[in-house]
Amino acid sequence: MYKIAKENLPALFQLIAEDKELYVPVNNGGQVNFANWTESSQVDLDTLKSVKSPKDAFFPQSENLYTCYKDGKKIQIEPEELQNQNFVVFGMKACDVKGVEVLDKVFLVEPVDTFYAARRAHGTIVAMACHEPEETCFCKVFGIDCANPVADVATWMVEGELYWKALTEKGEALTAAVASLLTDADEAKVEEEKNAIHAIVEKLPYTNLSLEGWNGDVLSEKFDSPVWEELYKPCLACGTCTFVCPTCQCYDIKDYDTGHGIKRYRCWDSCMYSDFTMMAHGNNRTSQLQRFRQRFMHKLVYFPANNDGMYSCVGCGRCVEKCPSSLNIVKVIKAFEKQGGDQ
Amino acid sequence: MQELITRAKELLENGTVARVLGWKAGDLPYNPEPAYFTNAEELKDFVYNGFCGANLSKYMIEASKLEGKTLVCLKPCDTYSFNQLLKEHRVDREKAYIVGVGCKGKLNIEKVKSFGIKGIESVFGAEMTDNADTLTFQTIYGEKTCSYAEAMLERCHVCKGKEHVIYDELIGESKDTKDAERFAEVEKIEAMSPEEKFAFFQKELSKCIRCNACRNVCPACSCRKCVFDSTKFDSAQKANVDSFEEKMFHIIRAFHVAGRCTDCGECSRVCPQGIPLHLFNRKFIKDINELYGEFQAGADAETKGPLTNFTFDDAEPSIVANR
Amino acid sequence: MSIKNEEFRPKIVAFCCNWCSYAGADLAGSSRLAYPADVKIIRVPCSCRVNPMFILRAFEKGADGVILCGCHPGDCHYSTGNYYARRRMTLLFSMLDYIGVENGRTRVEWVSAAEGVKFSQTMNEFVEKIRSLGENVRLGDLRCKN
Amino acid sequence: MQRIGVFVCHCGSNIAATVDVKKVVEMVQMEPGVVHAEDYQYMCSEAGQAKIAAAIHEKNLTGIVVCSCSPRMHETTFRTAAERAGLNPYMVEIANLREHCSWIHKDMEEATKKAVILARAAIAKVNLNTPLKPGESLVTKRALVIGGGIAGIQTAIDIADAGYEVDIVEKTPSIGGRMSQLDKTFPTLDCSACILTPKMVEAASHEKITIYTYSEVDKVSGFVGDFTVDIRKKARSVDATKCTGCGVCQEKCPSKKAPSEFNRGLNTRSAIYTPFAQAIPNVPVIDRDACMKFQTGKCGVCEKVCQAGAIDYTQKDEIVTQKYGAIVVATGFDTIKLDNYDEYAYSQSKDVITSLELERIMNAAGPTKGHLERLSDGKHPHEIVFIQCVGSRCSDDRGKSYCSKICCMYTAKHAMLIRDKYPDVNVTVFYIDVRTPGKNFDEFYRRAVEEYGVNYIKGQVGKVIPQPDGKLLVQGSDLLDNKQILKEADMVVLATAIEPEASVRKIATMLTASIDTNNFLTEAHPKLRPVESPTAGVFLSGVCQGPKDIPETVAQAGAAAVKAIGLLAKDKLMTNPCTAKADELMCNGCSTCANVCPYGAISYEEKEINDHGIREVRRVAVVNNALCQGCGACTVACPSGSMDLQGFSNRQIIAEVDAICR
């Protein structure tokens, strides 16, 4: 285990950025989001959660796939280059790291998404333990230990010092690259911090949320439940929950006419949108109830059914914080719990 | 709140209304959600407190299609939205039983959190009956306090007034919360150089993630199909990239609601990225007031909107450069 | 007189109403009143047909200036179209100014069918103005910029 | 995908001299949808149209773009050609390579580049065109003529003779117009009244003609074939059905101080009056501003003396609403105000007069009973100076830029008449040019010079200075002799510019007819459609369209009548299919569109809509195609974009924008 004083972090970032792209949480106009680090970046490691999850380091909100150029009446296709430069995502939380694991299940299985795979291959994740978890957090429900992030490098911020521990080969490589700035450290302080975090986690209101009854085998029962009928009503059909979510992976593919060619790009889509998976004949989910149900069924039923029981929710609580109508996955889980209890 | 629940029960029981549209207590002390109640049992969860910021008038579009009347709780500013929807034939007055509820300013949990208050377990001072100047939070990290006024939504600082412009009955007291000039922020931007203006909006709009929360919450954005979702304009959407789309989206959105926007402030309330979206709408309102005479959308359900109206001697567009 | 290559040649879209301004442009043509080739005219039935989205779209796709020409107030072929256009454009232009787009990239001019001279003069002025403002960088989509 | 043919016209050398048409043909072939492109000398010629037809057949074209002159010129030609070849006429778009390109640019490379872009925009648009079908509307077989001067009278008679009902609206108490104020007419010197009066009588007695004098058009709505017009019959205070026209009331009227409009204010008339002896109708009008009864309540003489009991002080303005298929504007002219020309001392001396005032002075029914005399002292003048182009052909904004056209001839007439009747009077004319292009015109002018000894001086007058002895000192220049001239005159006559009657502005606005900077009504095409306004169903007669003399006015009046008859002869009209259309699936039913529709063409229906399987009764907008004129105001007002304009749809215009900007 190594450590580095907080005030030396700019030097660390500088060093990393010398030959790699570096994404860190940056405060822009009062909102913290992961962004490319520059010397003028207002890095913010104290805010627990970025507004958007850092998933766009691997799965950008919008990315070009290829460009078509016209040559007379012929068309030439120029594929977009894959990520070929190494980069580091610094400061991801345990839940967000788990979110990337969920994305891996989608994009790295056959057929492999080459754009995503290239980014995963070139990306090193430096995760950070959650110093002060908040009331919207419920990662423990999904078996995530926010005091012990599992990434290429795990770090802890304790009393003005960042403790650093490489967990993978990539992590070792990064550690070696920045070794000049790190000093050896013992783990005692970190263990203390972990205990403190665990104690807080136990006090969080959602920590004991039960996922009983949510698995890949309850499809029809949950799908047909009358609970959705009441649950969806406040939903405004915006995409906030999907766009801040670390695991939502749906995208749309569209063309943009630049006047010189057509750029075929993909961009995040939201199952909450009325034109989601629109086809020539119309839409297969015609009501907001259906769209609303889709999102939660996907996270809690369909995804575990296809991925050995892995939920595609990591309990980051962003949707809890950001939904304009105060709807969220916790309310959904609880509503079914209540209904189960009533019966 | 109790008075409201009692009255709602009464109206449900005597058949005046088929349902009540209000707010249901959330699982956190600050996240009540809009909800329908159809019986006394359900009304146990009814809440109305400082965190009930949501403008319920837009829900009346759907509620107008249901059997029977819906009791809808509208705050003073929400009634403007209802009137505007009425003017546009989007809601049915006959299907609404409007209870004008009092308002003492609504709270912005993001603001509270920005004061460093986190791990919230309970809140004191947000109930309508509290009349508190200070909010007290029990948190995992100890007791924290902040001023009620400082935790209010931006819109409450420039409140249009606590008069309900349309209602069937009124329940609950209000408190004047206006302590800022409505157009002060707009004027500040107007005074900037083009470079500063551009930098300001570039910074704000670059945060936009095109989640459409602003549009979907907006009572004026009630189109069955938004132009940004339709093929009618070939206007690409969803790609939050490369500088232009957000501008196009936000300018056109503001333009489409110009003369119809009541300045209810919901867009700014719901933006997950904290973009002060009201600055677009309020600019149009300010221009309309200055160029075409004072106009408050939703003040009534009859007056012609400024963009469907004209006078022979309206200002020429060149006035923009000459102001 | 040929134009030097290095000189900035703006892209300018001119929306002209069919009854007055398009005819005014025709008159400018038949009177051989020159204006720069940078101006390309789109015929619309009335100035009130021009949606602010068209104007933003033009900028998005790389236009450096957009001008809307219609009948003089009071002379609209459809009686009132240009009055609506006048309000719409005033508010739109004000918004563009507000978000920091240089004043002068947009313009409205009332040109009657008899005002070939005015049409030509207006276009000359407008092109001159846009040339002085340079390329539109604030309202374009970067994807179109190559 | 459309199969588009592009046809590039050389227009002789009009386009081809500046635009490399071959290059345009080459370039457009790269565009999506284009399966055929060719160029030809004259696409509008029969051979050119045949080429288009052949290509449509051979290549199965679904849309065509003609790169030629302005669509305002030949759009109809090419649409008709396409239709004959079996293509829907609205699948044709025009790229204006002549007026908007070749005629204004000199550099071939640049013009060609622009031409390609214009063609590209038209191709992009036609790719999104859909076949449109015009609807039909009925034609009301009645015409309205606004203005009762010689132009209006002639138009009305011609239309009525063809068997259609015609209404004339004249704002003064009598028809007759300016011509009734003239004494003699050039170049024949026959008496104006002698040739006009029979026309007036003919109009008044024609069974198909209704005359509304002392009336004005208040409101116009509707469109070609179906206009609805409100005519305000101003209160005459005399019951026309009872009045016998005996004239006693005018004789007895004690208030005789009102300036006579007919005599250009040179003398006065009674408060109850007919403007002139031959007035039609011969029914007087009470000028309420001048009448003691109306101003003070004390008088009532006319009522007492009227044997017929026709005086009615309580009469009110009456609105007559009538439907018309065609409207002819014949509002005529007035002379300009001379405020800007004070150097000619018009306001200072009674002996400086306008030519129209001279007409009245020369007329036997005029203020001097036809005797040529100075208005200041009634003395016989010996020296008269005529000044030409007062306010005409003016290079600054003091006057009018145009030539008033009639002044050279009437001045020759006046000079000749004076010299003929009063050989003792010397007549001098200061002129810039003498313009006499008309049948027997130059001969007429030469007679004035050669036979009557009128002294023509090429040069302008700088100043007219009234002298203490009542004479007028005229300071001018003689450009041919290159010398300054000082001339003492007894009278100075100003050939004052004419301008459209002031009320034409209001009328043009009501008719949505365009007007030029000089307030002359604009014609649909300056050469090919000179008597039609660009607004369908509105025709132009007389000086309201541009300066002209009587024979030209009468000729144009007849032409306007023929155009109106052509319209009235049809039972039905094809309506413009480029109308608004609401997409019911998207319509919010919010009424915003109806709020901006100038024609009341949008209504709302509660309609069952099948929205992808979900059936719902919704309030949706419905456009009445017969009423909609296709302005598009509603399309922009509609926030959801559900309202679109056929032929100029959002996507079509955006496609043009994209094509131009790329």
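Proteins get letters first, then strands, A, B, ... in listed order; numbering begins at 1 in each. Everything numeric in this text was worked out from a predicted model, so none of it was measured.
- With a 4.5 Å cut-off on non-hydrogen atoms, B/Lys24 does not touch chain A at all.
- At least one donor-acceptor pair closer than 3.5 Å links the side chain of A/Asn33 to the backbone N or O of A/Lys52.
- Contact count versus chain A (heavy atoms, under 4.5 Å) is highest, among B/Asn216, B/Val217, B/Ile275, for B/Asn216.
- When heavy atoms are compared at a cutoff of 4.5 Å, A/Asp257 does not approach chain B at all.
- The heavy-atom pair separating A/Trp268 from A/Pro60 by the smallest distance is NE1-O, 3.1 Å.
- Defined by atom type and a distance below 3.5 Å, a donor-acceptor pair is present between the side-chain atoms of A/Tyr206 and B/Asp27.
- Counting heavy-atom pairs closer than 4.5 Å to chain A, the top-ranked of the candidates B/Ala213, B/Cys271, B/Ala54 is B/Ala213.
- Residues B/Glu62 and B/Lys65 are paired through a salt bridge, judged by an N-O separation under 4.0 Å between the basic side chain and the carboxylate.
- Both the backbone and the side chain of A/Pro133 come within contact range of chain B, each with at least one heavy atom under 4.5 Å from a heavy atom of that chain.
- Under the 4.0 Å criterion applied to side-chain N and carboxylate O atoms, A/Asp275 and A/Arg285 are not assigned as salt-bridge partners.
- Judged by distance alone, the side chains of A/Lys49 and A/Thr136 do bring a donor and an acceptor atom under 3.5 Å apart.
- The CD atom of B/Glu266 sits 11.5 Å away from atom SG of B/Cys214, with the distance rounded to the nearest 0.5 Å.
- For the 3.5 Å distance criterion, the side chains of A/Asn27 and A/Thr47 fail to qualify, holding no donor opposite an acceptor.
- Between chain B and the residues A/Glu134, A/Glu132, A/Lys233, the most heavy-atom pairs under 4.5 angstrom are made by A/Glu132.
- You'll find the ring centres of A/Phe296 and A/Trp214 outside the 6.0 Å limit.
- Interface remark: of the candidates B/Gly26, B/Gly274, B/Gly116, B/Gly274 forms the most heavy-atom pairs closer than 4.5 Å to chain A.
- Neither the backbone nor the side chain of A/Met272 comes within less than 4.5 Å of any heavy atom in chain B.
- At a heavy-atom separation below 4.5 angstrom, chain A is approached by B/Pro34, B/Tyr36, B/Asp45 within residues 34-51 of chain B.
- Remark: A/Arg264 is not positioned above the aromatic ring of A/Tyr256, lacking an NZ or CZ atom under 6.0 angstrom from the ring centre and at most 45 degrees off the axis.
- Of the two parts of B/Lys58, neither the backbone nor the side chain holds a non-hydrogen atom closer than 4.5 Å to a non-hydrogen atom of chain A.
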